[in-house]
Amino acid sequence: MNARDIPKARLKPGIALYLIRHGETDWNREQRYQGQRDIPLNDTGRAQAQRNGYILKPYLGQLKDAEFVASPLSRAVETMTILRASLGLSVDAFRRDGDLKELHYGHWEGQLQSELATIDPEGVAAKNRDPFGWRPTGGESYEDLMRRVAPWLDGLNRTTVAVTHGGVTRVARGALLGIDTRKVPSLDVPQDQILVLRDCRMHWL
């Protein structure tokens, strides 16, 4: 894979991006591939969403003109509504954007991670050889996902609070910080912290 072909992105000067992964679902707990399956939050996930709202509350002054946007998948939408309620904001006043949907895992969606070596040994081997470029049947690779997300990042015109998914958070970090693509699929994406990206730097809340 030619590094020149990998998309990069930059936030405009003065813009901050607050990236929040949706709260836990039962499929997360089971380590079952969700992808774009519409799986709801569990009680732990709702508590994580509320916690992230409380953590963000001291920053409300900086967010008075911010855009709030979420993936249209229900686990992200519910996370955003809980978070906004915790902030004392109208729970419905945010936008949904399909570019923030999770990586599509194709024929792996619904499968347990622990069973894939038996169900699809060839796919597991291919993914291990090239975790960024491997594409499941009917799905997306991490490279495909980065090509979807990078233009969205470039198009941000104001500070943004986005509730999205693990894969989207990984490729956003990769595109904005120039992280080696071989490392992008294994970047940590906690569900009880907020990633802040600004001026080619990142920190967690």
Side-chain angles (χ1 to χ4, degrees), residues 17-56 68-87 91-120 123-124 127 131-132 134-149 152 160-174 184-195 204:
L17 173 60
Y18 294 75
L19 273 179
I20 301 164
R21 185 182 176 191
H22 64 80
E24 185 187 79
T25 70
D26 286 344
W27 280 25
N28 288 144
R29 182 172 292 175
E30 297 167 1
Q31 296 189 310
R32 189 182 297 273
Y33 280 86
Q34 291 182 123
Q36 294 187 7
R37 298 281 186 93
D38 206 5
I39 310 302
L41 298 181
N42 60 24
D43 288 342
T44 297
R46 295 183 185 98
Q48 290 168 335
Q50 186 177 59
R51 175 266 178 204
N52 283 334
Y54 292 150
I55 290 298
L56 203 56
F68 285 73
V69 59
S71 157
L73 295 176
S74 63
R75 58 190 183 269
V77 170
E78 186 178 5
T79 298
M80 178 65 92
T81 60
I82 293 170
L83 180 141
R84 286 184 61 87
S86 300
L87 290 171
V91 297
D92 298 321
F94 64 92
R95 188 170 61 83
R96 295 160 175 80
D97 193 320
D99 285 338
L100 297 180
K101 280 186 177 181
E102 178 61 295
L103 177 76
H104 197 310
Y105 274 106
H107 73 294
W108 277 19
E109 291 190 0
Q111 302 294 338
L112 289 169
Q113 184 177 327
S114 60
E115 296 178 353
L116 278 171
T118 301
I119 294 170
D120 184 15
V124 171
K127 181 177 183 290
F132 188 76
W134 175 77
R135 182 185 295 116
T137 303
E140 295 176 294
S141 66
Y142 267 90
E143 181 180 357
D144 295 331
L145 181 61
M146 189 178 280
R147 293 187 187 284
R148 166 155 59 91
V149 172
W152 179 82
T160 298
V161 178
V163 175
T164 181
H165 304 270
V168 174
T169 303
R170 291 184 181 104
V171 299
R173 285 173 65 184
V184 166
S186 59
L187 292 174
D188 192 30
V189 280
Q191 289 170 300
D192 59 354
Q193 295 184 55
I194 298 170
L195 177 64
W204 294 97

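We count residues from 1, following the sequence as given.
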Side chain proximity check, [X] to [Y], heavy atoms < 4.5 angstrom:
{"X": "Phe132", "Y": "Met146", "answer": "yes"}
{"X": "Leu41", "Y": "Ile82", "answer": "yes"}
{"X": "Arg148", "Y": "Asp144", "answer": "no"}
{"X": "Leu103", "Y": "His165", "answer": "no"}
{"X": "Trp152", "Y": "Val168", "answer": "no"}
{"X": "Gln34", "Y": "Arg75", "answer": "yes"}

Polar side chain donor-acceptor pair, Asn42 to Glu24, under 3.5 angstrom =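 Looking only at side-chain atoms, Glu24 and Asn42 do form a donor-acceptor pair, the distance falling under 3.5 Å.
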
inquiry  = With no hydrogens and no angle check, just 3.5 Å: does a side-chain donor-acceptor pair link His104 and Glu109?
reply    =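 Side chains of His104 and Glu109: pair found under 3.5 Å.
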
ask   = Which of parallel (below 30°), tilted (30 to 60°) and perpendicular (above 60°) describes Trp134 and Trp108?
value =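 Because their plane-to-plane angle lies in the 30° to 60° range, the rings of Trp134 and Trp108 count as tilted.
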
ask   = If you measure from the Lys or Arg side-chain nitrogens to the Asp or Glu carboxylate oxygens, is any gap between Arg46 and Asp43 under 4.0 Å?
value =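 Answer for the salt bridge query: yes.
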
Donor-acceptor contact below 3.5 Å, side chain [X] vs main chain [Y]:
{"X": "Arg21", "Y": "Pro190", "answer": "no"}
{"X": "Thr164", "Y": "Leu100", "answer": "yes"}
{"X": "Thr25", "Y": "Trp27", "answer": "yes"}
{"X": "His22", "Y": "Thr79", "answer": "no"}

[X] versus [Y], closest heavy-atom pair with distance:
{"X": "Ala70", "Y": "Ala76", "result": "CB-O, 4.2 Å"}
{"X": "Asp192", "Y": "Arg51", "result": "O-NH1, 2.7 Å"}
{"X": "Gly166", "Y": "Val189", "result": "O-CG1, 3.6 Å"}
{"X": "Gly110", "Y": "Arg32", "result": "O-NH1, 2.8 Å"}
{"X": "Gln111", "Y": "His107", "result": "CG-O, 4.0 Å"}
{"X": "Gly53", "Y": "Ser86", "result": "CA-CB, 3.8 Å"}

Verdict with reasoning, Lys127 to Val124, per side chain to side chain contact (heavy atoms under 4.5 Å, CB included) = CA-CA 5 Å; Lys127 181 177 183 290; Val124 171; 5.8 Å; no

Separation between [atom1] of [X] and [atom2] of [Y], rounded to the nearest 0.5 Å:
{"X": "Met80", "Y": "Asp92", "atom1": "CE", "atom2": "CG", "answer": "11.5 Å"}
{"X": "Trp204", "Y": "Leu195", "atom1": "CH2", "atom2": "CG", "answer": "4.5 Å"}
{"X": "Thr169", "Y": "Leu17", "atom1": "OG1", "atom2": "CG", "answer": "9.0 Å"}
{"X": "Phe94", "Y": "Leu83", "atom1": "CZ", "atom2": "CG", "answer": "10.0 Å"}
{"X": "Glu102", "Y": "Leu73", "atom1": "CD", "atom2": "CG", "answer": "8.5 Å"}
{"X": "Gln48", "Y": "Ile20", "atom1": "CD", "atom2": "CD1", "answer": "12.0 Å"}

query = Taking the six-membered ring of Tyr142 as reference, does the NZ or CZ atom of Arg170 fall below 6.0 Å from its centre and within a 45° cone about the axis?
reply =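 Output no; distance or angle outside limits.
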
ask   = Stepwise, does the side chain to side chain contact (heavy atoms under 4.5 Å, CB included) test hold for Ile39 with Asp26?
value = CA-CA 8 Å; Ile39 310 302; Asp26 286 344; 5.6 Å; no

request  = Step by step, work out the side chain to side chain contact (heavy atoms under 4.5 Å, CB included) result for Glu30 and Leu112.
outcome  = CA-CA 7 Å; Glu30 297 167 1; Leu112 289 169; 4.0 Å; yes

